[in-house]
Q: 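Sharing a structure, written as structure tokens. Questions coming.
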Amino acid sequence: MKALIIIGSTRPVRVGDQIAGVVDRIMRERGVDTEVVDLRELNLPLLDEPKAAATGQYAHDHTRNWAATVNDADAVVVVTPQYNGGYPAGLKNAVDYLYNEWKGKPGAIISYGGHGGGKAYDQLVQVLSFVGLQLDPEGVKLSLARDAYGDNGTLTDAEAAISAQADEIAALADRVLAAMTEKDGAQG
Ligand SMILES: Cc1cc2nc3c(=O)[nH]c(=O)nc-3n(C[C@H](O)[C@H](O)[C@H](O)COP(=O)(O)O)c2cc1C
């Protein structure tokens, strides 16, 4: 069983990859197999499929590859920043490419921002619930202090920046593992 960790930020200078790295470390330490997928590397164009995702009929290799990545995962953990009171457009684009691949899968949201990214979190709950992810009811909202950033715009020490909430991430990892295990057992 494997949990997909999605880096929701695609900016050339960002902290999303650093945060996902810490999340990945903690989840692995809690016994969760993980795969990190970086939306920047995935580089999906703005949705260019002629048919709705619910049909499952995909015209492009980039869609089929993305569908296979999500299909192969037993759970999905989305790591998202808050941009202007919401979550990034690239993340919505990546969600909209697929439909059935999300359905019924255990999921969790980890948002971050100056004050936890709660607005991005809440909006993403609506969208990911709509496509059928079975979301962890708590998730994690990480508050990043301004002085955690270095002059180059990245976190000076990502582990230290979110150390106060590492226990929350560990607890989330335990719940995601339990949800994956339960679903796996139910499917026989
Ligand atoms: C376009 C944009 C909008 C932002 N809006 C918010 C915001 O609404 N609330 C907040 O706390 N931080 C906001 N920030 C600050 C981000 O939380 C911070 O830059 C964070 O590092 C972004 O994640 P990233 O570096 O992984 O892209 C914004 C940053 C950007 C680039």
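For ligands, and for the atoms within them, numbers begin at 1 and follow the listed sequence.
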Q: Nearest protein heavy-atom contact for atom 26 (O) of ligand 1: which residue, which atom, what distance?
A: Tyr112 OH, 2.5 Å
Q: Given Ile109, which of Thr80, Asp122, Leu133 fulfils the side-chain contact (heavy atoms from CB on, under 4.5 Å) condition?
A: Thr80
Q: Starting from atom 11 (O) of ligand 1, find the nearest protein heavy-atom neighbour and note its residue, name and distance.
A: Gly114 N, 2.9 Å
Q: Considering only the protein, which heavy-atom contact is closest to atom 16 (C) of ligand 1, and what is its distance?
A: Gln82 O, 3.9 Å
Q: Could you tell me whether some N/O pair between Val15 and ligand 1 is separated by less than 3.5 angstrom?
A: yes
Q: Students should be able to answer this: which protein heavy-atom is nearest to atom 19 (O) of ligand 1, and at what distance?
A: Arg11 NH2, 3.9 Å
Q: Can you list the ligand 1 atoms lying under 4.0 Å from a non-hydrogen atom of Arg14?
A: 24 (P), 25 (O), 26 (O), 27 (O)
Q: Counting non-hydrogen protein atoms only, what is the nearest one to atom 2 (C) of ligand 1? Give residue, atom name and distance.
A: Tyr83 CD2, 3.6 Å
Q: For the residue pair Tyr97 and Asp48, confirm or rule out a side-chain donor-acceptor distance under 3.5 Å.
A: yes
Q: Give the atoms of ligand 1, by number and element, whose distance to some non-hydrogen atom of Gly113 is under 4.0 Å.
A: 11 (O), 17 (O)
Q: Indicate yes or no: does Lys2 engage Asp33 in a salt bridge with an N to O separation below 4.0 Å.
A: no
Q: Would you say the side chain of Tyr87 lies within less than 4.5 Å of the side chain of Val127, judging by non-hydrogen atoms?
A: yes
Q: Would you confirm whether Glu49, through its side chain, and Ala59, through its main-chain N or O, come within 3.5 Å as a donor-acceptor pair?
A: yes
Q: Looking only at N/O atoms, are Pro81 and ligand 1 under 3.5 Å apart anywhere?
A: no
Q: Within the structure provided, determine whether Ser9 and Val15 are in side-chain contact (heavy-atom separation under 4.5 Å).
A: no
Q: Can you report which non-hydrogen protein atom sits closest to atom 5 (N) of ligand 1, along with the distance?
A: Asn84 N, 2.8 Å
Q: What protein heavy atom sits nearest atom 18 (C) of ligand 1, and how far off is it?
A: Tyr149 OH, 3.5 Å
Q: Counting each atom of ligand 1 from 1 as listed, which ones have a heavy atom of Gly16 under 4.0 Å away?
A: 26 (O)
Q: Checking Trp66 side chain against Ala94 main chain: does a donor-acceptor pair fall under 3.5 Å?
A: yes
Q: Could you tell me whether Val13 and ligand 1 have an N or O pair separated by under 3.5 Å?
A: no
Q: Show me which atoms of ligand 1 lie under 4.0 Å from any heavy atom of Gly85.
A: 8 (O)
Q: Using modelled atom types and a 3.5 Å cut-off, is there a donor and acceptor pairing between side-chain atoms of Ser143 and backbone atoms of Gly116?
A: yes
Q: With His62, which of Leu44, Asn43, Leu42 fulfils side-chain contact (heavy atoms from CB on, under 4.5 Å)?
A: Leu44
